[in-house]
Structures are given as structure tokens and as C-alpha cells.
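This report concerns only the one structure given below.
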Amino acid sequence: MKDIVRTHVVSLLNKDARLDGRKLDEYRKFTIEYGISSKSAEGSARVKMGDTEVVGGVKFLVGPTYPDTPDKGTIVANVELLPLSSPVFETGPPSIQSIEYARAIVDRGLRESDALDMRKLCIKRGEKMWTVMIDVYSINDAGNLADAIGLVAIAALKDAKFPKYDAEKDIINYEERTKKGLELKYLPIPITIVKIGSKFIIDPTVEEENAAETRLTVTTIEDGRACAIQKGGEGTLTPEDIDKMIQLSIEKGKELRKLFK
Amino acid sequence: MAYNKRIDGRKFDEIREMKAQVGIIPNADGSAMFQIGKTIALAAVYGPRELFPKFLQNSDRGILRCYYNMMSFSGSGERVRPGPSRRSKEISYITENALLPALNLEDFPNSVVDVYIELLQTDAGTRCAGITAAAMALADAGFQMKDLVSAASVGFIENRLIVDVSNEEEHYEKGNTDIPIAMMPRTGEITLLQMDGFASKEELAEGIIVAKAVCMEIYKVQQEALKARYKK
């Protein structure tokens, strides 16, 4: 069955057509909703693209600084591909796919872009720092979770406000939130391009993902520079392929960035 | 001081505002969202599907597996550590028992029905919200059911009967009794009964009568949500 669908996807693409009628470089309907868990989380958001849906939330905590970075705080990203969101996801410890998304898309996009100034997360040099925990969950997997996960993490961070912290007693009052948010210098936008045959498409559906041998997730910032790249899949890419894919992700990154307010 | 006014201003027999929707997760065989106050539960049903490893199969009837989970950012205080806890395992287990009487799994030998419940935001009453959402998701999946299952808590503060106990009331300093109840509202058969705190035999009997009225209100919201799916 999978093979039939795969063959169909490929033969359509050879005519520059897709199963759902989109152009090769066309994104599905994309929406962001902020504050979807505002009672509990200091920042939260939901991203939908077509039938794909993910949610993300931010919690702050205070702890001792790391010995090698005494003047910095930190972020920790966690992604869970919930069995609620797809018949193929299983319960149990995090799958390699979810670890890849957390590390290679959310964490690296934020860390390497320097979007978040970790020095501003230091409370007292060599002693206390903020840890920003970002947890992302899939609600429905209809393809391209990679982009959805990266984008919802950014949205949740944009939505976040620090809770009140009593430095003397070393207690966070989660009931009370300050007006201070996280300053994001850039919006690192991940765009995944998949290669099927000789064609490149963005925002793939599950059927298209299953037909692809290679994907490249390129995270770019406002000035068009890439700040993180992750190749996925078992296939290969030529330098020319990579060039085309990066160009496509820069263009699409610009379009999607406009949707963040 | 007697408890004459509820902390959030509700009447003693008033439940928080509810919202419900089914079919929210296209991949699932059935799905639902149920919100009561600020507590939001999502539920998805997958199955009946083949159960592996095979030795877990039951040739007489299908197996129901429920998984209750709080998202890490859904707690009111610190981040909740991901993965199952003793608490979530117990709630998953009582959720299975609360839903099983409504199902007829003899029709699906050797198979499994998986019900995943995720809490997006919590503010008391999460197990009841989870059961209520799961029952809707099972109905949405097309299972023949004896009835829906509706769940709510009743409780006592200083001998005053309250319904749909709030987070503040759960932590009332002079003590509180919390009684989560699930039932099939049409017949009034109770499928879940737990209690934290003290109550006399008479108080408990009164609580159960009131719980039935509360479950009827929830039942209506569940039914409306299920009907809405076919109105479009």
C-alpha cells in the first residue's frame, strides 16, 4: 500500500503536481495561537499547518549556574511525539525522532542563532541562573512536524513572561507573573525541504515524507543567514541540491516570519 | 467561620463553564476536547487494533488501555517531569475501570483499544475531565456504548456540599473532602468513586444524589458536542 502511494506521489511530482493540489513550494494554511495554556505555562502556543497540529509551553526554573558558563542561563528543549497524535507513535521513552527534533531543530535553532541572550538569563554570576524549559507536543501528525515543532517553540518563547522570583528566599512565585518577557533578537525560522526524485518540495504531508529519501531542515534568521542545518533521511545530496534547498528555505523563512506578531 | 461563600464566587451547586468538541484529532479513530473552567483535557482513541505482543491478547474480549498524562507545562507550579508517574498510572487505571462498563469489548477479541488522555492545562478535576473527554472520543470512534460516561467531583468544606471542587477549594486550609464520581447518567450506574477527606454515610449519600445532577449537566454538553459533528 505504501509503495503504491509512493509511486503515485513520485509520478505526480514529475508533472509538478502534488496529492493535495499544492504547488511544490506552497505551504498549507498556517495559524499560530498564543496563550493556549496561560493558566499553567509562562508561555504557550499552538501551531497548525493544514491538519498538522502541535502545542508548546514554556516553564521557568531557577538553579545553580554551570561551572563552565558562570555568567549564563540556559534553555532546555524537549519534544514528545505523542501516541495521541498518530497511530505509528508509541508510548515509552522518547523516540530517536523526537530527540532529533528537540536537539537539531528547537535547541540548535535557538542556541546557534544567538536569538536568546543567555547572559540575560543569569541571575547571579557563578551562583543562580534561569533555566527556560520548552516542551513541545504533537497533537496530530499530518506531515512536516519538524517545522511545526520549531515554529511553535519560537511562538511559545515569544509568549513567555518571567514569573516573580524572590532572590532572598530563592522561591519562584508561579502565581504571579512579571511583565518581563524573553528578548528574542532574531526569529530563527526552520524550513524543511524534502527531495523526492529530482524535485524539491516544502511542507510535506506524511505521504510525501514517506516517499522522500532525503530532507534538509535549514533554520534562517532575518538577514537571510542560516544558523542551523540538519540533513535527515538515508539519501544523498549534491552541493547543487543543497544550494537550491537553502535558497528555498530563505525565501519561505521570510514569508513565514511575517506571520509572527 | 462557616463556608458561606465559595472562593471563586460560584453557587454551591454550580459547575464551572464547560466547552466540548469532538473530532479534533484527524488521525485518531475518535477524539475529543473537554474543558471545565481552566482544566483542558484532550482524548484520542486508536482501535480496535491488533495487540502485540500476542500473549497479551484475550480471546474472549478486547482490551482497553488508557493513558493519562499531564503535559510538562500544564501544572500550576513547577514543570511536571515527563513520563509516567505513580499518580498518572493510578489515574490511567481508574479511568479504564470508569469507562469499561459502558463498552462492549466482547465484539473485538484479541484486539486492543488505546485511549490517550493529555492535559493541556490543569486547574483541578483533571481525572474527571479526562474520563469525560475519553467517553466522548469513544463515542466519536463509533463504539456501541451502553451510555456515555460523565464525571465530576463533589465535596464538602466545613460540612457544606460543593460541586466541581476548585483548585483553591482542594487546598482549603481547614480541610476539604473531594469525591470524584463517574457514572452512566441514563441509568445512574456509578463507574468511579473515590474520596479524599471525611464524610458521614449520610453526607456521602447526599453527595451521590447531587453528583448525578451534575453529571446530567455534563452529559448534555457531551451529547451536544457529538451531535454538532454531524450538523455541518
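Chain letters run A, B, ... following the sequence lines, proteins first, then strands; residues in each count from 1. Keep in mind that what you see is a predicted model, and the values were worked out from it rather than measured.
Here the side chains of L82(A) and Y116(B) are not in contact, with every heavy-atom distance at 4.5 Å or above. For the pair D114(B) and P83(A), the minimum side-chain heavy-atom distance is 4.5 Å or more. For the pair E118(B) and V55(A), the minimum side-chain heavy-atom distance is 4.5 Å or more.
Taking CZ of R79(B) as the start and CG of N78(A) as the end, the distance is 5.5 Å to the nearest 0.5 Å. Taking OG1 of T52(A) as the reference point, atom CG of N27(B) lies at 8.0 Å (rounded to 0.5 Å). Atoms CD1 and CG, on I25(B) and N140(A) in that order, are 6.5 Å from each other to the nearest 0.5 Å.
Closest heavy-atom contact between S74(B) and S40(A): O-OG, 2.8 Å. The shortest heavy-atom contact between T91(A) and Y67(B) is CG2-CE2, 3.7 Å.
For I134(A), no part sits under 4.5 Å from any heavy atom of chain B, backbone or side chain. Both the backbone and the side chain of D141(A) come within contact range of chain B, judged by heavy atoms closer than 4.5 Å. Both the backbone and the side chain of L120(B) have a heavy atom closer than 4.5 Å to some heavy atom of chain A. Heavy atoms closer than 4.5 Å to chain A are found nowhere in P84(B), neither backbone nor side chain.
Few gaps surround CD on E106(B); more than 12 heavy atoms of other groups in view lie less than 6.0 Å from it.
One side chain, S72(B) or Y137(A), offers a donor N or O that lies under 3.5 Å from an acceptor on the other.
Heavy-atom pairs under 4.5 Å with chain B peak, among A41(A), P87(A), S44(A), at P87(A). Interface summary for chain B: among K59(A), E53(A), E175(A), the most heavy-atom pairs under 4.5 angstrom belong to K59(A). Comparing P163(A), S86(A), A142(A), A156(A) by heavy-atom pairs within less than 4.5 Å of chain B, the highest count is held by S86(A). In terms of heavy-atom pairs under 4.5 angstrom with chain A, the leader among S76(B), A44(B), G77(B) is G77(B). Chain A forms the most heavy-atom pairs under 4.5 Å with one residue out of G83(B), G47(B), P82(B), and that residue is P82(B).
Exactly one residue among M71(B), K38(B), Q121(B) makes a side-chain contact (heavy atoms from CB on, under 4.5 Å) with S37(A). That residue is Q121(B).
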